[in-house]
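Side chains included, hydrogens not; waters and symmetry mates left out as well; all remaining heavy atoms used.
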Amino acid sequence: VNVSLTNTSDNPDDVTGVEWEVIIDGTSTMYTGNNVLIENIADDAVLDVSLTVSYNTNCVASVNRTVNVVITRADVPCDLW
């Protein structure tokens, strides 16, 4: 499973830095940039995600979220003629 993370902070022209910390199964990985693609994770993974955004006004904003990856597979009957 691939997971895409996107920074949608206000005032993008004032952003000077974007840092992500993603923890999966106790392993922390750091990323930078507005868009992050995390590839080949388990389809039942739990990600602890922290985003820190720095602005040219010397302000810093941060947010933390837990992301539960859930892949459902449905068995749907289909009659082929």
Side-chain angles (χ1 to χ4, degrees):
V1 173
N2 296 339
V3 173
S4 177
L5 305 173
T6 302
N7 170 30
T8 58
S9 299
D10 293 338
N11 304 318
D13 292 337
D14 295 333
V15 172
T16 59
V18 178
E19 295 181 350
W20 302 83
E21 179 182 21
V22 179
I23 302 172
I24 304 172
D25 293 330
T27 301
S28 173
T29 305
M30 300 299 294
Y31 300 92
T32 58
N34 286 318
N35 300 299
V36 171
L37 178 62
I38 305 169
E39 298 179 297
N40 301 317
I41 63 172
D43 60 5
D44 62 349
V46 176
L47 291 71
D48 291 313
V49 179
S50 298
L51 169 63
T52 302
V53 179
S54 302
Y55 292 90
N56 61 9
T57 58
N58 295 322
C59 291
V60 175
S62 61
V63 64
N64 301 303
R65 295 285 186 267
T66 298
V67 178
N68 294 297
V69 176
V70 177
I71 303 297
T72 57
R73 292 176 178 83
D75 292 327
V76 179
C78 180
D79 293 327
L80 299 177
W81 301 93

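By the criterion of side-chain heavy atoms lying less than 4.5 angstrom apart, applied directly or through intervening Ile, Leu, Val, Met, Phe, Trp or Tyr residues, V63 is grouped together with V18 in one hydrophobic cluster. Each of V3 and I23 belongs to its own hydrophobic cluster when Ile, Leu, Val, Met, Phe, Trp and Tyr are linked at side-chain heavy-atom distances under 4.5 angstrom. Both W20 and V1 belong to a common hydrophobic cluster when Ile, Leu, Val, Met, Phe, Trp and Tyr are linked at side-chain heavy-atom distances under 4.5 angstrom.
Side-chain atoms of N2 come within 3.5 Å of backbone atoms of N40 as a donor-acceptor pair (strictly under, hydrogens ignored). Not a single donor-acceptor pair under 3.5 Å links the side chain of S54 to the backbone N or O of T16.
No side-chain heavy atom of Y55 sits less than 4.5 Å from a side-chain heavy atom of V60. By the 4.5 Å heavy-atom criterion applied to side chains, Y31 and I38 are counted as neighbours.
Contact between A45 and I24 at its shortest, heavy atoms only, is CB-CG2, 4.5 Å. Of all non-hydrogen atoms in A42 and V69, the two that sit nearest each other are O-CG1, 4.0 Å. For V53 against S9, the heavy-atom pair with the smallest separation is CG2-OG, 3.4 Å.
Distance check: L5 CG to N34 CG gives 11.5 Å after rounding to the nearest 0.5 Å. With rounding to the nearest 0.5 Å, the separation of OG in S50 from CG in N64 is 3.5 Å.
By the neighbour-count criterion of 12 heavy atoms within 6.0 Å, atom CG of N58 is sparsely surrounded, having that number or fewer from other residues, nucleotides or ligands.
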(request) Just do the side chain to side chain contact (heavy atoms under 4.5 Å, CB included) check on T57 and N11 with the steps written out, would you? (result) CA-CA 11 Å; T57 58; N11 304 318; over 6 Å; no

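Scanning for side-chain hydrogen bond (donor to acceptor under 3.5 Å, both in side chains) contacts around T66 gives D48, with sequence neighbours left out.
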